[in-house]
There are 2 protein chains.
Amino acid sequence: MTLETEVVTTIFKDLSFNPEEIQLLVRSFEKLHLPKNSLLLEAGQYVHDQYYVAEGCLRTYYIAPDGKEHTVQFAISDWWISDYTAFFNSSKALMHIECIQEATLYKISKNDMESLYQAIPQLESYFRKKMERSFASFQKRIIANLSQSATKRYLSFIQTYPNIEQNVKNYHIASYLGITTQSLSRIRKELVQE
Amino acid sequence: MTLETEVVTTIFKDLSFNPEEIQLLVRSFEKLHLPKNSLLLEAGQYVHDQYYVAEGCLRTYYIAPDGKEHTVQFAISDWWISDYTAFFNSSKALMHIECIQEATLYKISKNDMESLYQAIPQLESYFRKKMERSFASFQKRIIANLSQSATKRYLSFIQTYPNIEQNVKNYHIASYLGITTQSLSRIRKELVQE
DNA sequence: CAAAAAAGTTGACCTATGGTAATAAACTAC
DNA sequence: GTAGTTTATTACCATAGGTCAACTTTTTTG
């Protein structure tokens, strides 16, 4: 499969483009493979790019001043990932992005994104809607964090990411839920006993 | 001041429009006044509109099954407010929106928004960027909730909204921070003693 | 301005989750 | 397959924040 076909048939499978648009699109993306356990981004680096995950699994996490890790986002097939706060502002990353499962990504720079928005207006709509969905899901997560117990949050997590549990470590999930690995262990134990 | 001037000079003060665009804009917005303590939106209602806050203060909150309130967002002058999850999906609200301080709002429907995006492409950019900033700030809040103590979250809250404290009740702040009013009382007491 | 209602504070006690540390289990690499 | 390393579990105690209830202060209303 050529890069051309891939970009159009995987990333933007819901849109249709004319030949010139396809050329533009293809020139903007770069394909990359990432081995397990590698870092795609480190805090402190300038963030110029965002990444479409074709395959594999990554996570974005923040390391607090006390040294503790907090997982902000997992990204699996068909998700986008970056340190978006830094990406939007073209500023330095506060977060790290780690490859949890060997991954295939398509990378695009902020500059190229902005050019594409100008050249292909439907892309701006497409990404605005994507942002809207992300916004809604973050809001949902804030509510969940405010209103639910760790056990309930764990149960919704495994519902939301049914296949992720085989891939990720316990402490990834714990740091996403905002609890310690010990607490997660206890929660699982109690759930099994019931 | 005419509605025309208001919409262009307050809501979209950073943009410029031609006369036809201004007509379109003005026809899409409706101005409204809201008394203190009134409800702008209740959970269960369909959400067709979003609102620009020209003046006053509102809050979006969620009532959990156990009856507890969780404040998701405050909106002061120059912010937008809605139940965005429902607004984006044209579905039923999960949240309530309450007017905390007598407010002047400009209301626009989702349909009119979509038409404006078609007619005035710079608006799509404008709102995409707005979404990006909201996204970033929600992400920041998730990190704060995961990594900081209630006391620290309270301190950042009063930094982020320096003038809001006179307007809002203690229990609004507590429900935003994810703690009880009693805990907030204790936190304040400790902070004063230091 | 007085009475009533709402909001805020404080205290005593409770509970969920955190911290530390030892142990067990699961991977990884030779 | 064994040694070494990483990850997960368990136990024990500590603590932040929750709960319930009484009390005080502030705000609202007639």
Side-chain angles (χ1 to χ4, degrees), chain A residues 35-39 57 59 61 63-71 74 98-102 142 144-158 164-194, chain B residues 35-39 57 59 61 63-71 74 98-102 143-158 164-194:
Chain A
K36 191 171 170 173
N37 295 326
S38 57
L39 277 177
C57 183
R59 72 170 180 131
Y61 61 99
I63 302 184
D66 64 3
K68 278 169 201 152
E69 286 184 12
H70 301 280
T71 298
F74 290 102
E98 177 191 50
C99 178
I100 291 178
Q101 285 278 295
E102 187 179 356
I142 286 178
N145 282 345
L146 291 176
S147 66
Q148 301 185 335
S149 68
T151 306
K152 277 197 185 158
R153 278 180 278 139
Y154 172 65
L155 289 172
S156 358
F157 177 82
I158 54 180
I164 222 173
E165 238 190 323
Q166 295 92 47
N167 305 330
V168 307
K169 309 272 190 233
N170 244 5
Y171 69 81
H172 296 152
I173 300 178
S175 82
Y176 179 92
L177 297 174
I179 57 177
T180 58
T181 53
Q182 294 91 320
S183 288
L184 182 54
S185 262
R186 260 174 254 147
I187 286 169
R188 293 174 120 160
K189 194 182 168 191
E190 276 161 33
L191 288 173
V192 170
Q193 283 170 354
E194 273 154 25
Chain B
K36 190 171 171 174
N37 295 326
S38 57
L39 277 176
C57 182
R59 72 169 181 132
Y61 61 99
I63 302 184
D66 64 3
K68 279 172 198 148
E69 286 184 12
H70 301 280
T71 297
F74 290 103
E98 178 190 49
C99 178
I100 292 177
Q101 286 278 295
E102 188 179 354
I143 292 175
N145 283 345
L146 290 176
S147 66
Q148 300 184 338
S149 68
T151 305
K152 280 197 183 157
R153 277 179 279 140
Y154 173 64
L155 289 171
S156 0
F157 177 82
I158 55 181
I164 222 172
E165 239 190 323
Q166 296 93 47
N167 305 331
V168 307
K169 307 274 189 233
N170 243 6
Y171 68 81
H172 296 151
I173 301 179
S175 83
Y176 179 91
L177 297 174
I179 58 178
T180 59
T181 54
Q182 293 94 319
S183 289
L184 181 53
S185 259
R186 273 172 222 138
I187 286 169
R188 293 174 119 159
K189 194 182 169 191
E190 277 161 34
L191 288 173
V192 170
Q193 284 170 354
E194 274 154 24

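Convention: sequence-line order gives letters A, B, ...; per-chain numbering from 1.
The shortest distance between the side-chain N/O atoms of B:T180 and the OP1/OP2 oxygens of D:dG18 is below 4.0 Å. In this model, the phosphate group of D:dG18 is approached by a side-chain N or O of B:S183 to a distance below 4.0 Å at OP1 or OP2. Between A:K152 and C:dA16 there is no side-chain N or O to OP1 or OP2 distance below 4.0 Å. Between B:K68 and D:dT19, a side-chain N or O to OP1/OP2 separation shorter than 4.0 Å is present.
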Run the numbers on B:Y61 and B:Y171 for ring pair (Phe, Tyr, Trp, His ring centres under 6.0 Å), then give the verdict. CA-CA 12 Å; B:Y61 61 99; B:Y171 68 81; 9.2 Å; no
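Taking every side-chain heavy atom of B:K169 into account, C:dA7 is the closest of D:dT7, C:dT17, C:dA7. The side chain of A:N170 has D:dT9 as its nearest neighbour among C:dA7, D:dT9, D:dT28. Closest to the side chain of A:R188, from the set C:dT17, C:dT10, D:dT9, is D:dT9.
Distance, A:Q101 CD to C:dC27 C1': 14 Å, rounded to whole Å. If you take NE2 of B:H172 and C1' of C:dA6, they are 12 Å apart, rounded to a whole angstrom. The separation between A:K189 atom NZ and C:dT23 atom P is 17 Å, rounded to whole Å. Note: CG (B:L184) to C1' (C:dG8) measures 10 Å, nearest angstrom. Taking atom OH on B:Y171 and atom P on C:dA5, their separation rounds to 17 Å, with Å as the unit. Following rounding to the nearest Å, A:E190 (CD) and C:dT15 (P) show an atom-to-atom distance of 14 Å. Rounded to whole angstrom, the span from the CG atom of A:L146 across to the C1' atom of D:dG18 amounts to 15 Å. If you take CD1 of B:I179 and P of C:dT17, they are 17 Å apart, rounded to a whole angstrom.
Within 3.5 Å, no donor on the side chain of A:R186 pairs with an acceptor on the base of C:dT15, nor the reverse. With hydrogens and angles ignored, a donor-acceptor pair closer than 3.5 Å exists between the side chain of A:Q182 and the base of C:dT20.
Closest of all the heavy-atom pairs between B:S175 and B:E69 is CB-O, 3.3 Å. Closest heavy-atom contact between B:A174 and B:L184: N-CD2, 3.8 Å. When all heavy atoms are compared, the tightest approach of A:L146 to B:H70 is O-CE1, 3.4 Å.
A:N37 contributes atom CG, which lies 6.5 Å from atom CD of A:E98 (distance to the nearest 0.5 angstrom).
Nearest-nucleotide positions on DNA chain C place B:V168 closer to the 5' end than the other of A:R153 and B:V168.
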